[in-house]
2 protein chains.
Amino acid sequence: MTEKISDKSTSERLIEAAGVLFAQKGFANTTVRDICDAAGANVAAVNYHFGDKEKLHEAVLNYIVEGIKTKFPVNVSLGSDDPPGEKLRNMIRFFLLRRFDPDRPDWQGILLIEQFMTVHPKLVDVIREERAANVDAIRILIKQIAGKDIDDEAVDLCLGSIVGQCLFYILMHAPHAPIPEEEKIEMNHENIEKITDHILNFTLAGIKSKCEK
Amino acid sequence: MTEKISDKSTSERLIEAAGVLFAQKGFANTTVRDICDAAGANVAAVNYHFGDKEKLHEAVLNYIVEGIKTKFPVNVSLGSDDPPGEKLRNMIRFFLLRRFDPDRPDWQGILLIEQFMTVHPKLVDVIREERAANVDAIRILIKQIAGKDIDDEAVDLCLGSIVGQCLFYILMHAPHAPIPEEEKIEMNHENIEKITDHILNFTLAGIKSKCEK
DNA sequence: GACAATCTCAAACGTTTGTTTAATATCAAT
DNA sequence: ATTGATATTAAACAAACGTTTGAGATTGTC
């Protein structure tokens, strides 16, 4: 009698085992035998529960995206009457937390970032929709912060600066990033708040300097 | 009699064909048969000239790195007596040009960026060395711009903001980035200058706001 | 032209891969 | 207890892969 690795169902164990391995070694370098071993399942389990390896991949990505979208709806604060700087701060913070949520296993964030380089066709639409909405929201906030005298080109440049600053922390924690481990900032709640404040203030100063010309 | 695809040597043609395909589909998804077909060579050519597929990979990466390091030595301007803002501008500009050099085929930049996610062991040392030198240089410039009253933590936050802003443009042009093609800014010389100036000014304002607290 | 070194070629080899098969086990409902 | 749907298993399959082989072509040198 063999010991069960966890009390979850086989398909759940497969999704989580696959997620860890995909994040670790990439989709192409992970074999279904690896996955099934890690999940304590038979080699045929992937095909029985998901059809094939590709569909398991889709299931893993959906599993992550669904969780993140409900927990961190980036647009949530836009309806309130907070000042635009406060709203911008919320968006920056959620953007970082989507990758570094301490309550979520790290492989989920890693896998999502990897999709920046090689997006899965099934995810393209979901990501693009969300992206378009977020980009529009940030553009509006930038205009509100800057006042009226800022042209669209300048708005887009500022948009790039905001997103870029967030991307830095996301990328520097990619598992194979060429950065010595000891130089990586630990992304706990305290540091995330600190970084969020920095990005916000840095950005506010940058935007203001933009319309004083 | 079969037509030669180019007048370059077989090993050169293999490196360039492999580079294009690796950038397009990734190392694992590219077969040596694909490479040899594209290079107009026999399947055995990879093994004859490089030993195996992995060593060809290394050869491709070396081929790119050597070219970039000699053409864009990021530290080159640090010795001069230009004002620190000017030096920072040069570093930003070179950082962007390393990826977007209009005189260099695009796959070279793409392949290098992909290494951010899954660094090849043979490249880790080269990249880390360069990175450490560049990071030190930028830190010094930030301190010079800020004056004396800025602590090390603040310097590192500003460093992240600078690198992040550059990364944004590099990442948004990854071949599979979830960004509609029509929204990508064309990275020609004119726009690179424009973006460089923006990042510089945005950063200068950000740094100054940092030491007025 | 003869020789040796270098290179190219079609064919085949041994593994690894994702997938399928058919038999067996599990379990709820009647 | 029997039945039928669902799930798991060991074994095998076919295709694709990186690599090797041995024979032939090409090239440079004397």
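The model shown is predicted, which means the values in this text are computed figures rather than measured ones. The chains referred to below are lettered A, B, ... by the order of the sequence lines, with proteins before strands, and numbering in each begins at 1.
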Of the candidate nucleotides [options], which contains the atom at the shortest distance from the side chain of [X]?
X       : options               : value
A:Ala44 : D:dT6, C:dT21, C:dT19 : C:dT21
A:Asn47 : D:dT8, C:dG18, C:dT20 : C:dT20
B:Thr10 : C:dT19, D:dT19, C:dT8 : C:dT8

Between [N] atom [atom2] and [X] atom [atom1], what is the distance in whole Å?
X       : N      : atom1 : atom2 : result
B:Asn29 : C:dT17 : CG    : P     : 14 Å
B:Lys25 : D:dA16 : NZ    : C1'   : 13 Å
A:Glu54 : C:dT17 : CD    : C1'   : 15 Å
A:Asp52 : C:dT20 : CG    : P     : 8 Å
B:Leu21 : D:dC17 : CG    : P     : 13 Å
B:Leu14 : C:dC7  : CG    : P     : 12 Å
A:Lys53 : D:dA16 : NZ    : P     : 15 Å
A:Asp37 : D:dT8  : CG    : P     : 15 Å

* **Sugar-phosphate only, base, or nothing, as touched by B:Thr30 at under 4.0 Å among non-hydrogen atoms** =>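 Sugar-phosphate contact only - B:Thr30 comes under 4.0 Å of backbone atoms but never of a base.
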* Aromatic plane relationship, A:His57 with A:Phe22 - under 30° parallel, 30 to 60° tilted, over 60° perpendicular -> perpendicular
* Are any of B:His49's side-chain N or O atoms less than 4.0 Å away from OP1 or OP2 of C:dT8? ->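 B:His49 to C:dT8 OP1/OP2: side-chain N or O found under 4.0 Å.
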* Asked: For B:Tyr48 and A:Ala45, take the nucleotide of DNA chain D holding the closest heavy atom to each; which residue's nucleotide lies nearer the 5' end?
  ->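 The residue mapped nearer the 5' terminus is A:Ala45.
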* **Side-chain (B:His49) to main-chain (B:Ser11) donor-acceptor, under 3.5 angstrom** => no
* **Whether A:Asn29 side chain and A:Lys25 backbone form a donor-acceptor pair below 3.5 Å** =>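 At least one qualifying donor-acceptor pair exists.
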* How far apart are the C-alpha atoms of B:Val32 and B:Leu56, what are their side-chain angles, what is the distance that settles it, and do they pass the side chain to side chain contact (heavy atoms under 4.5 Å, CB included) test? -> CA-CA 10 Å; B:Val32 309; B:Leu56 170 59; over 6 Å; no
* How about B:Glu183 and B:Met172: do any of their side-chain heavy atoms sit closer than 4.5 Å? ->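 No; the side chains remain at least 4.5 Å from each other.
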* 5'-most contact on DNA chain C: B:Arg33 or A:Val43, nearest heavy atom basis? -> B:Arg33
* Asked: Is a donor-acceptor contact shorter than 3.5 angstrom present between the side chain of A:Asn42 and the base of D:dA7?
  -> no
